[in-house]
2 protein chains.
Amino acid sequence: MGQGMSKSNNVYKDAYNRCLRLLDETRSLPSEPELGTLLGVSRTTVRSILARMEETRLITWNKRAKTVLRDPVPDDFFPEEETDTLADIIERSFMRRLLASGAEAGMQINELELAREIGVGTTSVREFLIRFSRFGLIEKRRNSHWVLKGFTRAFALELTEIREMFELRSAAAFAALPQDSPVWADLNGLEDEHRLLAREIATRFNEFSELDERFHRLIHRASRNRFIVDFYDVIAMIFHYHYQWNKAQERERNEVAVGEHLAYIEALKSRDLGKVDAACRKHLKSARQTLLTSIPENRLPQKS
Amino acid sequence: MGQGMSKSNNVYKDAYNRCLRLLDETRSLPSEPELGTLLGVSRTTVRSILARMEETRLITWNKRAKTVLRDPVPDDFFPEEETDTLADIIERSFMRRLLASGAEAGMQINELELAREIGVGTTSVREFLIRFSRFGLIEKRRNSHWVLKGFTRAFALELTEIREMFELRSAAAFAALPQDSPVWADLNGLEDEHRLLAREIATRFNEFSELDERFHRLIHRASRNRFIVDFYDVIAMIFHYHYQWNKAQERERNEVAVGEHLAYIEALKSRDLGKVDAACRKHLKSARQTLLTSIPENRLPQKS
DNA sequence: AAACTGTTTTTTCACGATAAAAGACATTAA
DNA sequence: TTAATGTCTTTTATCGTGAAAAAACAGTTT
C-alpha cells in the first residue's frame, strides 16, 4: 500500500474532515481566505476542499457563493488513519517498539529496517530520529547507527529532576505575575474544569491527562523562558506514552492528582510563595512516584 | 563544483590526514582493526587509506607488513576544507548569515534558498535545521517555513538563566563527589593548564575558549543528568560563534575568566558548598555580562 | 479601495537511487 | 585457536525528482 507515493495529502484530508463539521453549523461557507485561517491551511488546500464538496454535492460553489446543500454523512469523511501526518505514524510505530518488552538499553536502531517495517522512506525516519533525539532516549554514533538508551529508572529520575527545577521556578514566577495578567483568568478557567472533573471523576477520569497538560503548560509559560517551555514537550511526550502503556490504578491516580492540582491552584491564587512552593513540591513528588513505580527495573542501573 | 555528488568522502580524507601524522612517530603501522580504533573509522576506510599511502609511496603494504618509507610532506595532506563534514559546512554558512547584520527576528528561513546558496541538497539543510532547532533560535511553522527568532538580548537572558541553574547544581554535585572519584584528577589537570595559560596569557589568550569548554563540561558532567549535560551543547555553540564574532577586549576578558576559574577550582577543591556557590555565581555573572554587552539591542524586546 | 477569486510560481515533503562507510562473513597466517 | 587479512553485504549520507501545499501575483467583484 502506498509505495512510490511522493507525499500524502493528509493535510487536505484532515482539513476536509474538519470542514465537514463546519457544515452542520451554517447554511453557507465564508470566503476562501477566511476558511484558510479557520482551518489553518492555505487557500490552495481550501480550494481543493471546496472542489470536492461541490463534486459530492455537499455544496454548490460559484465564486463567492458557497451554499450548503445537505448535511454530511459518515461516508463523506475520509478515514481517520488517512489524516495522520507521517511524523505521527512513525512516532507511534517507534514508541510501540520502544515500550514493548525486548527493547533493551544499548540496542542499536537501524534506519533502513525501521523504514521498511513502517513502510516509509528512510529520509522521514532519519528526520524523525533527529527530532526525537532531544528526548534523551536515543543517541547517534557518528557515521553509524543510533543507540537506544532505554526507558529506564535513570531516565525517569533525570527527567523529573529537571522538571521539578523548572516547575518550581515557573510556579514562583507565576505567583509573582501582576493581578491584571490574563493568566489569572486562564487559571480560573482551569480551576472550574478541575472542579467539574472532580465531581464526575468516576466516569471521566480518562480526560485528566489532557487537562493535566494544559495546566502545567500554563504554569511553565510563566517562566517566559523558551528552554523551560520547550522542555515541557519532553515531559508531555513521556507522560503521554507512559499513560497509554500503564493504565493500572488510573482512576485513583487521577483523582489524587486532581486534588493536588486544586490545592496547587489555591496556593497560586494566594500568591504566597511559601504555599506555592509547598503545593508544587507535593504534587511533583507524587507525579514522580507514579512514573517511577510504573517502570520495572530488572537490571542494575548502568554506570555513565 | 561538486554537483550531482552523492556523498563526499570527507571521513576518509580526514582520517587519512590524521593517519599521516601517525607516520612521523613509527616505522611501521599497526594492524587494520587497531588503526580503525585509533582513527575512529571502520576497517573499510582504513584499507582505503593504506591503499593510497602505498600508491603515493609513503609505505609498503603487504598483508601485515606496513613499513613506513618516508615522512609525509605538506603536499601529501588533503586540503583542510575537504575534510569538513557537510553538517559543519551548513552550520558555518547558516551562522554567518545569522550573525551578519540584516538577520532580523521574525525573518523567514527558506530551505531551498539556503540549499542553493550553500550548494547542497535540501535534505541536508532540512536535517540541519531540525537539529539546530533545539538551540531555540529558530522555530518551525507547521507545513510551512522556519522562522528566525533572532540572537537577541531576550535569548541571551533565557539561555543564561538555565545555564546558571544547571551549573550551580552541577557544581554542588561536583563538590559532593567522593575523594576517590577520577574527576579530582581531571580537575587538577585543568588547574595546571589554567595556571600555565595565566602565565602566558599575553600570547595565548585565544586558547582560552577551548579550555573554558572542557572545564565547564567537566562540571556539568557531575550532575549525572543527560539533560544538563546535553544543554551544554547549546551554551558551547552560542559561545563558540559569539567569540568568533566579538573579539573586542578578548585578552582582558579571558584573563579575568582564567582568574575566576582558578578561584572556582579552589572552591571546588575545598568542598565547601558555600564557597563553591559563591565562586560559581561570581563567574557566571561575569560570563553573562560579557555575553550581554556584546549583543546590540536596537529594538524593544518583543512580547511573546 | 478593499477584499475576494482565478492563475501561476515557489517551497515543502517524501521518495528512490547511488556512492561512501560500516559491518559481517570467509579465509589465512601466526 | 586467536587475530589478522580478504571479500561480500548492509547501512548511512546525500542527491535529484515530483506531488502536495503554500505563497505570490493578477484580475474581478462588491
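Throughout, protein chains are lettered first and strands after them, A, B, ... in sequence-line order, and every chain is numbered starting at 1.
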Completion exercise
B/V11 meets the side chain to side chain contact (heavy atoms under 4.5 Å, CB included) criterion, sequence neighbours left out, with A/N143, B/V41

Completion exercise
Sorted by number, residues from residues 120-143 of chain B placing a heavy atom under 4.0 Å from DNA chain C are B/R126, B/K140, B/N143

Handout entry: Any A/N9 side-chain N or O less than 4.0 Å from OP1/OP2 of D/dA20
Key = no

Practice task
To the nearest Å, give me how far apart CG (A/L112) and P (D/dT9) are.
Solution key: 16 Å

Exercise for the section: Would you mind reading off the distance between A/K7 atom NZ and C/dG16 atom P, rounded to a whole angstrom? Expected result: 16 Å

Problem - 5'-most by nearest nucleotide on DNA chain C - B/S8 or B/W146 - result: B/W146

Practice task
Look at the side chain of B/T85 and the backbone N and O of B/D88, then say whether any donor-acceptor pair between them is shorter than 3.5 Å.
Solution key: yes

Exercise for the section: Mind calculating the distance between CG (B/N10) and C1' (D/dA13) to the nearest angstrom? Expected result: 10 Å

Problem - Angle of first-five versus last-five pair axes in the helix from C/dA1-D/dT30 to C/dA30-D/dT1, to 10 degrees - result: 30°

Practice task
Report yes if a side-chain nitrogen or oxygen of B/H145 is closer than 4.0 Å to either non-bridging phosphate oxygen (OP1 or OP2) of C/dT10; otherwise report no.
Solution key: no

Problem - Intermediate values then yes/no, side chain to side chain contact (heavy atoms under 4.5 Å, CB included), A/C19 and A/L39 - result: CA-CA 7 Å; A/C19 193; A/L39 298 169; 4.0 Å; yes

Fill in the blank from the handout: Whole-Å distance, A/N110 CG to D/dT12 C1', equals 9 Å

Problem - Positions of residues 38-49 of chain B (non-hydrogen atom under 4.0 Å from DNA chain C), listed by number - result: B/V41, B/S42, B/R43, B/T44, B/T45

Handout entry: Stepwise salt bridge (Lys or Arg N to Asp or Glu O under 4.0 Å) test for A/R27 and A/D71
Key = CA-CA 10 Å; A/R27 288 292 91 194; A/D71 278 352; 3.7 Å; yes

Problem - Separation of C/dA2 C1' from A/R64 CZ (nearest whole Å) - result: 10 Å

Throw together a table of side-chain donor-acceptor distances under 3.5 angstrom for residues 121-133 of chain B, partners on residues two or more places apart or in other chains.
from   : atom 1 : to     : atom 2 : distance (Å)
B/R126 : NE     : A/E127 : OE2    : 3.0
B/R126 : NH1    : B/E111 : OE1    : 3.3
B/R126 : NH1    : B/E111 : OE2    : 3.3
B/R126 : NH2    : A/E127 : OE1    : 3.0
B/E127 : OE1    : A/R126 : NH2    : 3.1
B/E127 : OE2    : A/R126 : NE     : 3.0
B/S133 : OG     : B/I130 : O      : 2.6

Problem - B/R134 with B/D230: basic N within carboxylate O range, under 4.0 Å - result: no

Exercise for the section: Describe, in one word, how the ring planes of A/Y12 and A/Y16 are oriented to each other, choosing from parallel (under 30°), tilted (30 to 60°) and perpendicular (over 60°). Expected result: tilted

Problem - A/S31 vs C/dC4: side-chain N/O to OP1/OP2 distance below 4.0 Å - result: yes

Practice task
Just compare C/dT11, C/dA22, D/dT14 and give me whichever is closest to any side-chain atom of B/R116.
Solution key: C/dT11

Exercise for the section: Look at A/R221 together with A/D186 and state whether they make a salt bridge at an N to O cut-off of under 4.0 Å. Expected result: no

Atom pairs and distances, donor-acceptor, side-chain atoms in residues 236-244 of chain A, under 3.5 Å, two or more places apart:
from   : atom 1 : to     : atom 2 : distance (Å)
A/Y241 : OH     : A/E91  : OE2    : 2.8
A/H242 : ND1    : A/S294 : OG     : 3.1

Practice task
Any chance you could lay out the side chain to side chain contact (heavy atoms under 4.5 Å, CB included) test for B/I235 and B/H216, step after step, and finish with the verdict?
Solution key: CA-CA 10 Å; B/I235 298 164; B/H216 288 291; over 6 Å; no

Fill in the blank from the handout: Taken to the nearest whole Å, CD/A/E32 to P/D/dT30 is 14 Å

Practice task
Answer yes when A/D84 and A/K13 have at least one side-chain N-carboxylate O distance shorter than 4.0 Å, and no when they do not.
Solution key: no

Practice task
Let me know the distance between NZ of B/K63 and C1' of D/dA4, rounded to the nearest Å.
Solution key: 11 Å

Practice task
Using atom CD1 of B/I109 as one end and atom P of C/dT11 as the other, report the distance to the nearest whole Å.
Solution key: 14 Å

Exercise for the section: Name the residue closer to the 5' end of DNA chain D, choosing between B/L86 and B/E34 according to the nucleotide with the nearest heavy atom. Expected result: B/E34

Handout entry: Touch class at under 4.0 angstrom, heavy-atom based, for A/K66 against every strand present
Key = sugar-phosphate

Handout entry: salt bridge (Lys or Arg N to Asp or Glu O under 4.0 Å), paired with A/K149, selected from A/E139, A/E104, A/E158
Key = A/E139

Practice task
On DNA chain C, check which nucleotide each of A/S144 and B/E111 is closest to and give me the residue with the more 5' one.
Solution key: B/E111

